[in-house]
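Quantities reported herein were computed from a predicted structural model and do not represent experimental measurements.
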Protein chains: 4
Amino acid sequence: MPLSEAQKEKMKQKRARILETAIVLFAEAGYEGTTIKQVAAKAGISFGSVFTYFETKETLFHAAVTEPLDHFSKKILDFDDASEKPLEELENMIGQHIETYASLSAYLNLVSYVISHHNLFPETFEELDAFHETLKGKVARLVENGQQKGVLLEQEIEHTVTGYTSLLMGLRLNLIDEPASDLWAKFIPIALQLFGPRYH
Amino acid sequence: MPLSEAQKEKMKQKRARILETAIVLFAEAGYEGTTIKQVAAKAGISFGSVFTYFETKETLFHAAVTEPLDHFSKKILDFDDASEKPLEELENMIGQHIETYASLSAYLNLVSYVISHHNLFPETFEELDAFHETLKGKVARLVENGQQKGVLLEQEIEHTVTGYTSLLMGLRLNLIDEPASDLWAKFIPIALQLFGPRYH
Amino acid sequence: MPLSEAQKEKMKQKRARILETAIVLFAEAGYEGTTIKQVAAKAGISFGSVFTYFETKETLFHAAVTEPLDHFSKKILDFDDASEKPLEELENMIGQHIETYASLSAYLNLVSYVISHHNLFPETFEELDAFHETLKGKVARLVENGQQKGVLLEQEIEHTVTGYTSLLMGLRLNLIDEPASDLWAKFIPIALQLFGPRYH
Amino acid sequence: MPLSEAQKEKMKQKRARILETAIVLFAEAGYEGTTIKQVAAKAGISFGSVFTYFETKETLFHAAVTEPLDHFSKKILDFDDASEKPLEELENMIGQHIETYASLSAYLNLVSYVISHHNLFPETFEELDAFHETLKGKVARLVENGQQKGVLLEQEIEHTVTGYTSLLMGLRLNLIDEPASDLWAKFIPIALQLFGPRYH
DNA sequence: TATGAATGAGGTTTCATTCAT
DNA sequence: TATGAATGAAACCTCATTCAT
């Protein structure tokens with residue numbers, strides 16, 4: 001007797017709830033500092049049920065880190081690196097990035113935790129790193145575009161881009177308890193400076 | 001029977017060795033992921049001895065995070081915010097900062113771990129935060145100085161400074177396995193851009 | 001709505017399949033080492049269904065040990081203790097016993113497990129023991145018959161019989177992976193020696 | 001500061017006590033049915049301490065099965081397979097074996113458990129099996145000796161010997177709660193029959 | 001002071017059993 | 001009747017801490 005559609009839907013939601021809870025708790029206390037019992041309690045289910053949805057704690061951790069990447073990357077990669085107006089595009093991109101980073105406090109805290117401890121979670125880190133490379137590549141093309149069109153200062157592209165993603169992660173760390181707010185928007189022009197904008 | 005000077009010296013060294021080891025291990029694996037046994041083994045002593053020098057694991061952690069701050073802050077705050085040539089001073093400061101951040105991989109990884117998990121270590125975080133505020137204050141004064149002298153773009157000072165320290169932390173995170181090297185120096189001009197330098 | 005005959009038959013077969021599987025697994029891994037999930041998987045049904053046929057794991061275990069006894073005892077007790085030719089009868093009996101023991105590897109392994117751990121399964125053991133007593137009684141009568149007719153050495157009957165069933169169980173243990181084969185038949189004359197056969 | 005001799009001695013005794021307890025409990029309830037907590041309680045120590053002496057439950061089990069083998073094998077292999085009076089030697093050997101098997105109830109129950117479940121404990125079984133082969137080899141030489149001297153019936157030696165060790169194990173199983181007593185001695189002449197003794 | 005054996009709380013995970021579908 | 005998600009007791013094992021030597 002296969003599960004009914006309604007049941008499947010319910011399970012999907014439960015799984016999502018566990019994952020959300022796990023992201024928050026892993027972000028707050030790290031892998032070892034988080035217990036399955038805590039996750040279960042906060043997700044409102046018995047701790048045994050966590051194992052219905054995730055084989056092991058490790059599996060849960062991996063899923064908590066990598067599954068949101070899809071959604072995240074869509075928002076983060078949504079800009080045109082071949083734009084005719086690269087300066088405007090860059091500014092929009094930065095705005096979108098800042099907004100996204102502002103709104104994903106727990107998740108990005110978790111991401112930086114994995115990066116810091118990449119030796120402990122090599123496979124999980126791998127996926128994050130792959131995305132990071134993709135992001136840097138696309139931003140690099142936009143910067144190159146801007147430099148060629150003369151609206152950005154000619155400086156070493158690769159380092160500029162690394163500096164930019166570093167700034168984003170660093171902001172997320174420094175503004176750790178700062179909810180998404182107008183404050184974040186204030187950093188848009190600052191971040192833009194990094195690229196050496198040239199207005200004519 | 002009071003301890004001889006030689007004994008005192010030996011104990012001091014042992015304590016220092018434990019602390020160094022603890023920094024590395026706490027940085028690699030976090031608080032819960034690190035065991036006293038590991039620290040003792042890597043420091044080359046019996047695990048019982050760790051408790052001779054540090055009452056509890058928590059004490060050790062706190063010491064590992066806060067004790068290096070003195071040395072660190074000396075290097076980091078060593079610039080003149082009232083300099084007559086603020087742009088040069090800024091550039092030198094950035095160089096010194098980058099160099100310091102490049103050379104303290106494990107320690108700064110640990111610092112960012114504490115910031116990320118500040119709810120778990122409120123008192124330890126407090127001390128880091130106090131230093132961070134001091135640093136931002138002094139950099140802010142230098143920036144103000146530079147803006148007044150017209151060598152820096154007039155932009156919101158507080159956010160500029162937060163952006164700058166964010167960039168430093170972000171770089172440390174992104175270049176996590178990058179040893180101190182020429183590569184790091186490449187980020188000096190990039191970081192400088194953040195402040196909007198104006199050459200005449 | 002009463003079940004149709006076909007359904008009843010199907011259920012009977014399913015129950016038998018579970019029991020067979022349980023015998024093999026309990027024999028291989030013991031009571032605690034065997035899980036209902038394993039039994040269900042190997043029997044090709046959902047683990048929930050096992051509980052449709054057997055109330056608890058204990059019930060299943062008891063059934064796995066005792067239900068085959070009927071069939072087993074029929075084969076094992078199939079000899080004539082009042083035979084006119086007790087030596088021939090004895091030899092035939094041994095042959096039949098050896099053959100049966102050879103062919104019921106898993107089941108007899110399970111039986112010896114229950115005997116070994118009789119304190120854990122007192123009621124189950126009771127039934128095995130009752131059968132064992134029956135068997136020993138009947139063999140004892142045949143031996144007595146043989147001794148009276150002068151074709152068996154006059155030796156303590158009870159111990160001879162215990163020795164004989166011990167030998168059977170011991171062989172089953174020692175030849176644990178030996179499938180039913182000619183090899184087993186080689187033990188018939190050896191076993192016969194135990195009774196001190198006297199040929200005239 | 002190394003441990004004092006007195007401490008070492010104490011630890012040795014504690015280890016032995018754990019092992020003894022483990023033998024009894026593993027024999028009674030099998031591997032899965034025995035808990036470290038039970039072993040610790042019965043040995044009169046905290047359950048954490050068990051892990052000071054044995055890394056894992058598996059290690060403890062292996063030690064419980066194999067360590068007594070040394071002592072056991074000395075008693076069991078103590079006969080002269082080249083004796084000038086093989087029939088007497090055989091009888092003495094049987095007496096010694098029966099006595100030993102009678103006195104080692106728990107341990108031999110454990111041994112038969114391992115044999116029954118050899119797939120679960122392949123390495124542990126290996127050691128038992130090696131000893132069994134040694135024993136069978138030596139008994140076989142004594143039997144050959146006896147057959148050559150005409151005091152034993154000429155029958156297949158290998159199977160005779162396997163029959164004999166099977167009988168011993170089977171007796172241990174059947175007399176599971178029978179303490180060492182005169183009863184056991186009654187089985188000496190029965191066992192002897194297996195070899196077909198010829199008196200002249 | 002240095003050592004490491006002893007302790008037991010608490011972690012992850014397994015699994016028999018219940019029960020809604 | 002058949003299924004398998006939900007539950008929580010209990011297993012093994014780790015580890016901070018204590019304390020005797």
Distance in angstrom units between A:Gln7 CD and F:dA6 C1', rounded: 12 Å
Earlier contact from the 5' end, DNA chain E, for D:Gly44 and A:Lys37: D:Gly44
Validation row: C:Thr34, D:Glu32 side chains within 4.5 angstrom (heavy atoms): no
Any donor-acceptor N/O pair, B:Thr35 side chain to B:Gln38 backbone, under 3.5 Å: yes
Atom-to-atom span, NE2 of B:His62 to P of F:dA16 - whole angstrom: 19 Å
Interatomic distance, A:Glu55 CD vs E:dC15 P [rounded to whole Å]: 13 Å
Between C:Asp129 and C:His118: side-chain donor-acceptor atoms closer than 3.5 Å: no
Residue whose closest nucleotide on DNA chain E lies nearer the 5' end, C:Ile36 versus B:Ser46: B:Ser46
Distance in angstrom units between C:Gln13 CD and F:dT1 C1', rounded: 16 Å
Integer-rounded Å distance: F:dA2 P and C:Phe54 CZ: 12 Å
Donor-acceptor under 3.5 Å (A:Ser49 side chain, A:Ile45 main chain): no
5' priority, DNA chain F, between B:Thr56 and A:Thr52 [closest heavy atom]: A:Thr52
Sugar-phosphate, base or nothing in reach of A:Thr34, heavy atoms under 4.0 Å: sugar-phosphate
Atom-pair distance (CE on A:Met11; C1' on E:dA20), nearest Å: 13 Å
Under-4.0 Å side-chain N/O to phosphate OP1/OP2 contact, D:Ser49 with E:dT7: yes
Short side-chain N/O contact to E:dC15 OP1/OP2 from C:Thr35, under 4.0 Å: no
Sub-4.0 Å heavy-atom contacts from residues 18-29 of chain C onto DNA chain F, ordered by number: none
Side-chain H-bond candidate by donor/acceptor type, B:Thr59 with B:Thr56, under 3.5 Å: yes
Which nucleotides of DNA chain F pair, in dot-bracket form (Watson-Crick or G-U under 3.5 Å, | meaning another strand): .||||||||||||||||||||
Between E:dG4 (P) and D:Lys8 (NZ): distance, integer Å: 12 Å
Spacing of D:Ile36 atom CD1 and D:Lys57 atom NZ [to the nearest 0.5 Å]: 6.5 Å
Polar side-chain atom of B:Tyr31 near backbone of A:Gly33 as donor-acceptor pair, under 3.5 Å: no
Plane angle bin for D:Tyr113 and D:Phe61 - parallel if under 30°, tilted between 30 and 60°, otherwise perpendicular: perpendicular
Proximity to the side chain of A:Lys14 - top-ranked nucleotide from F:dA6, E:dA5, E:dT12: F:dA6
Residue C:Phe47, side-chain atoms from C-beta onward, closest of E:dT18, E:dT3, F:dA2: E:dT18
Heavy-atom closest pair, residues B:Ala63 and B:Leu19: CB-CD1, 3.8 Å
Closest to side chain of B:Ile45, choosing from F:dG8, F:dT17, E:dT3: E:dT3
d(OH, D:Tyr53; P, E:dG4) in whole Å: 14 Å
NZ/NE/NH1/NH2 to OD/OE distance under 4.0 Å, C:Arg15 and C:Glu67: yes
Nearest listed nucleotide, side chain of D:Phe51, among F:dT14, E:dT12, F:dA2: F:dT14
A:Lys57, nearest nucleotide to its side chain (from E:dT12, E:dA2, E:dA5): E:dT12
